[in-house]
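Dropping a structure here in structure tokens format, bear with me for questions.
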Protein chains: 2
Amino acid sequence: MTERLVVVGGDAAGMSAASQARRRRGADDLEIVVLERGSDTSYSACGIPYWVGDVVEDRDALVVRTPEAFREKHAIDARVHHEVVGIDTAAGQVRVRDLDGGREFDEPYDQLLLATGANPVRPPLPGLDGAGVFGVQTLDDGQAILDHLTAHHVRRAVVVGAGYIGLEMAEAMVVRGYEVDLVERSDRPMKTLDPDLGQRVADAMQGMGIRLHLTTEVKGIEHDGDRPRAVVTSAGELPADVVVLGLGTAPNTDLARDAGIPVGEHTGGIVVDVRQRTRVPGVWAAGDCAEVHHRVARAPAAIALGTIANKTGRVAGINLGGGYATFPGVLGTSVTKVCGVEIGRTGLGEADAEAAGYQPVCASVQSTTKAGYWPDRERMQLKVVAERRSGRLLGAQIVGGEGSCKRIDTFAAALWNQMTVEELLNVDLSYAPPFSPVWDPVLIGARKAWDAVLADGDR
Amino acid sequence: MTERLVVVGGDAAGMSAASQARRRRGADDLEIVVLERGSDTSYSACGIPYWVGDVVEDRDALVVRTPEAFREKHAIDARVHHEVVGIDTAAGQVRVRDLDGGREFDEPYDQLLLATGANPVRPPLPGLDGAGVFGVQTLDDGQAILDHLTAHHVRRAVVVGAGYIGLEMAEAMVVRGYEVDLVERSDRPMKTLDPDLGQRVADAMQGMGIRLHLTTEVKGIEHDGDRPRAVVTSAGELPADVVVLGLGTAPNTDLARDAGIPVGEHTGGIVVDVRQRTRVPGVWAAGDCAEVHHRVARAPAAIALGTIANKTGRVAGINLGGGYATFPGVLGTSVTKVCGVEIGRTGLGEADAEAAGYQPVCASVQSTTKAGYWPDRERMQLKVVAERRSGRLLGAQIVGGEGSCKRIDTFAAALWNQMTVEELLNVDLSYAPPFSPVWDPVLIGARKAWDAVLADGDR
């Protein structure tokens, strides 16, 4: 008898899972229905700031595969504008609303995958739900921003939150020729970076003309008809024709909670086992809505990133397709480029490490992306965090010019394998003058961290 | 009583060792004498093609530290133009020739470090030792080439050997405006790459106007007075005003052999233990002249590379300074950039893997350096070699546009840790559209290799 898989959410995790399940089981054996409340399947949300900033020409470029392609090439019944509004785990069915027709109906399942993603955080402040105030999560969000920018005479943009989405959107707004104010509650941009590395990012942003308002709280947003007038902050009013929220995201788990599917207390993500199964039989979860195991902190985490969504979706799909795969967890690796500065991190920063219970020892290094005598070398700054006594690598951060940050992957591979910085400093990394100094900055960082561990003594 | 360390060879390995020993032991405790037959200490030999090709302005840029700096800042008695011509291990002294004065004398040692490097291979063919025929090993070699190019009217250059030095020098000659012929005995350039990746390199070189003569043997070089006239090959004569040899290098071990210090039969490198000690008490070796342990082939190797020279020198120096360090071996990682194409490799290629006794399973991948929709993404091609059944990573190769090749370091870190491609495909590598597709090419390569291992069956 044909089994029925229903997937809630048609972006990275949901569609990876559907595709993997289909690879293993034909349409006669497994019927696959994907229900997506938005307008797109399988798109690059990470590309939205570049679409708004005109690096990427149009919306279609960000769509990896359309619902039609899934239907025709993979026999996956992907339906957009279909919102799941309830789950009945006892009956094995979901309640679906067709957002175009308004009709509601039940869709039965044998297996259910929740891939509902994450929602931009919107604090309950006056005016934050008003017109011209945008989160950046779906292509529909991107389109809404562009429509607003077209419909109104926009001169001043205010971005709230200096995480990576906030920074990328601030840059996109500068590129579009607007005056940009960026408001951040903490004392630095990119607070996932340790403070000593944040300064170069702040300098680059100010160099591009972005006004940075740090240690500043947003109190609300005032409107003038169908458009924002000003963002009210602890440091006064900032005039605004458009407001972009970059306050991070939270796992979208309302459906799961309502259905009694356990959600992690600290992370807000759906609790899953190593195969991406929730605690409720027949119900799986993957992507931004699910918890992941952080391999260095050895604790659950919720991290909204396309890479993790693709990987956890793949694992869920292999299992749903009758195979066997487990998800080994994450390191908290991320990278971005803002105002010409590359920013990368993996593992734990100094404060994260302390919060996780480690005693960290740190080393900072200034180096260059290419040989010291190479004409177009760029400066790069590294911070390496190691465990006291053992010298085990706990994390690394990089801020620098072009060609700096993909090096974070080498640290990630080292972290994955629980290497000590002493062992890392000898790894046979590549070298040629157009690519690095003879001691790659990664190795210098490891060496300096090892020196710091030794100097810390008490071994 | 003050001990005495004599170092033979003042480039990367010798000076790294001397510096590390000095860090641990003051001048009252350890006297350090470095004897270098050339004109420079601690220089970037890898930079020579870029100096000849005018990317780097002058010789001084390639010198990391001068003999004077070593003497004044580190109390290291570094003497250039001093050639060691014999070692008397029984008496504990070396015979030294002062190349400027012509005087010979003995220099006693308590500890002796051989860091004599490697010499360019010069087959015993007619004319190969003649004027205008250059190896590329020391800054003196680079200067000799530039002097020849200045002194003569040069229009045509012939490069013999299409390894990385040959390719880099061929490009440098093109940049200088010469007609360039490159002669290679094998059927492809960069034969450290598997054949399927060599084609893009060949295309790029031909695109820059380099004439590539493959499966062509050099028979000799004919001269016309103090300059070459033509390179005689199995496919006819190639007119030449200058000839550059890029036939690889061999460890420079004449001194060691004469002194009865064991040299590896297959590698030609001095045999050392994990602390860089030779088989003769009190005599150490590091850098290009010494064998290294290849971690994947599990066999000794001789690899002339600045990275390895620096690392083995550091290990020797720590030990000579009374510390403890061991050298864990190499992976055969290398990277270069030729005619706009980046080329990287680590571990074993398909043929190497077979030669080492493995049964390899391979996967090839075409991907891009940035998101598929990013305007200035570059194409890159990867080949991943895994072990049959176990799926253990054995090696990887990358050929591609700008931003491709530093990814080889991620493979190197994975290889170092004996990861399987199945485990590698899940590693939390960084992603953002300006840096990679959402599945980094490294992960795609690992995935495809794992698919190939599974398809190979027999598990």
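Labels below follow one simple rule: chain letters A, B, ... track the order of the sequence lines, proteins then strands, and each chain is numbered from 1.
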- Under a 4.5 Å heavy-atom cutoff, which of A/Leu443, A/Leu305, A/Leu331 has the most pairs with chain B? A/Leu331
- Item | Selection from A/Pro49, A/Pro434, A/Gly372, A/Gly329 maximising heavy-atom pairs under 4.5 Å formed with chain B | A/Pro434
- Query: Relative to chain A, which of B/Ser44, B/Ala414, B/Ala371, B/Gly403 shows the most heavy atom pairs under 4.5 Å?
  - Reply: B/Ser44
- Query: Could you walk me through whether B/Val442 and A/Asp409 pass the side-chain contact (heavy atoms from CB on, under 4.5 Å) check?
  - Reply: CA-CA 10 Å; B/Val442 170; A/Asp409 288 350; over 6 Å; no
- Answer yes or no: is there a donor N or O on one side and an acceptor on the other, between the side chain of B/Lys337 and the main chain of A/Pro433, under 3.5 Å? no
- Message: Let's test your reading of the structure: which of A/Ala61, A/Ala412, A/Gly344, A/Ser334 forms the most heavy-atom pairs below 4.5 Å with chain B?
- Response: A/Ala61
- If you count heavy-atom pairs under 4.5 Å between each of B/Val330, B/Asn310, B/Val427 and chain A, which one has the most? B/Val427
- Minimal non-hydrogen separation, A/Arg23 against B/Asp451, with atom names: NH2-OD2, 3.9 Å
- Query: Relative to chain A, which of B/Tyr164, B/Phe411, B/Phe435 shows the most heavy atom pairs under 4.5 Å?
  - Reply: B/Phe435
- Note on the structure: Highest number of heavy-atom pairs under 4.5 Å with chain B among A/Thr336, A/Thr410, A/Asn426, A/Leu424 belongs to A/Asn426
- Message: Given 3.5 Å as the limit, does a donor-acceptor pair link the side chain of A/Lys406 with the main chain of B/Ser430, or not?
- Response: yes
- Applying a strict 4.5 Å limit to non-hydrogen atoms, the region of A/Thr326 in contact with chain B is backbone
- Task: Select one option (side chain, backbone, both, neither) describing which atoms of A/Leu429 are under 4.5 Å from chain B's heavy atoms.
- Result: both
- Item | Residue part contacting chain B, namely of A/Arg314, when any heavy atom lies under 4.5 Å | side chain
- Message: Under a 4.5 Å cutoff for heavy-atom pairs, which residue among B/Thr346, B/Asp440, B/Ile308 has the most contacts with chain A?
- Response: B/Asp440
- Sidechain-backbone polar pair: B/Asp428 side chain, A/Gly332 backbone, donor-acceptor under 3.5 Å: yes
- Note on the structure: Of A/Val56, A/Thr333, A/Val64, A/Thr307, the largest count of non-hydrogen pairs under 4.5 angstrom with chain B goes to A/Thr333
- Message: With a 4.5 angstrom heavy-atom cut-off, is it the side chain or the backbone of B/Arg345 that approaches chain A, or both, or neither?
- Response: neither
- Query: Between atom OH of A/Tyr50 and atom OH of B/Tyr373, what is the distance when rounded to the nearest 0.5 Å?
  - Reply: 8.0 Å
- Query: Do A/Met419 and B/Asn417 come within less than 4.5 Å of each other through their side chains, counting heavy atoms only?
  - Reply: yes
- Item | When A/Val55, A/Val315, A/Leu415 are compared by non-hydrogen pairs under 4.5 Å with chain B, the top option | A/Val55
- Message: Does B/Glu378, at its CD atom, have more than 12 non-hydrogen atoms belonging to other residues, nucleotides or ligands within less than 6.0 Å?
- Response: yes
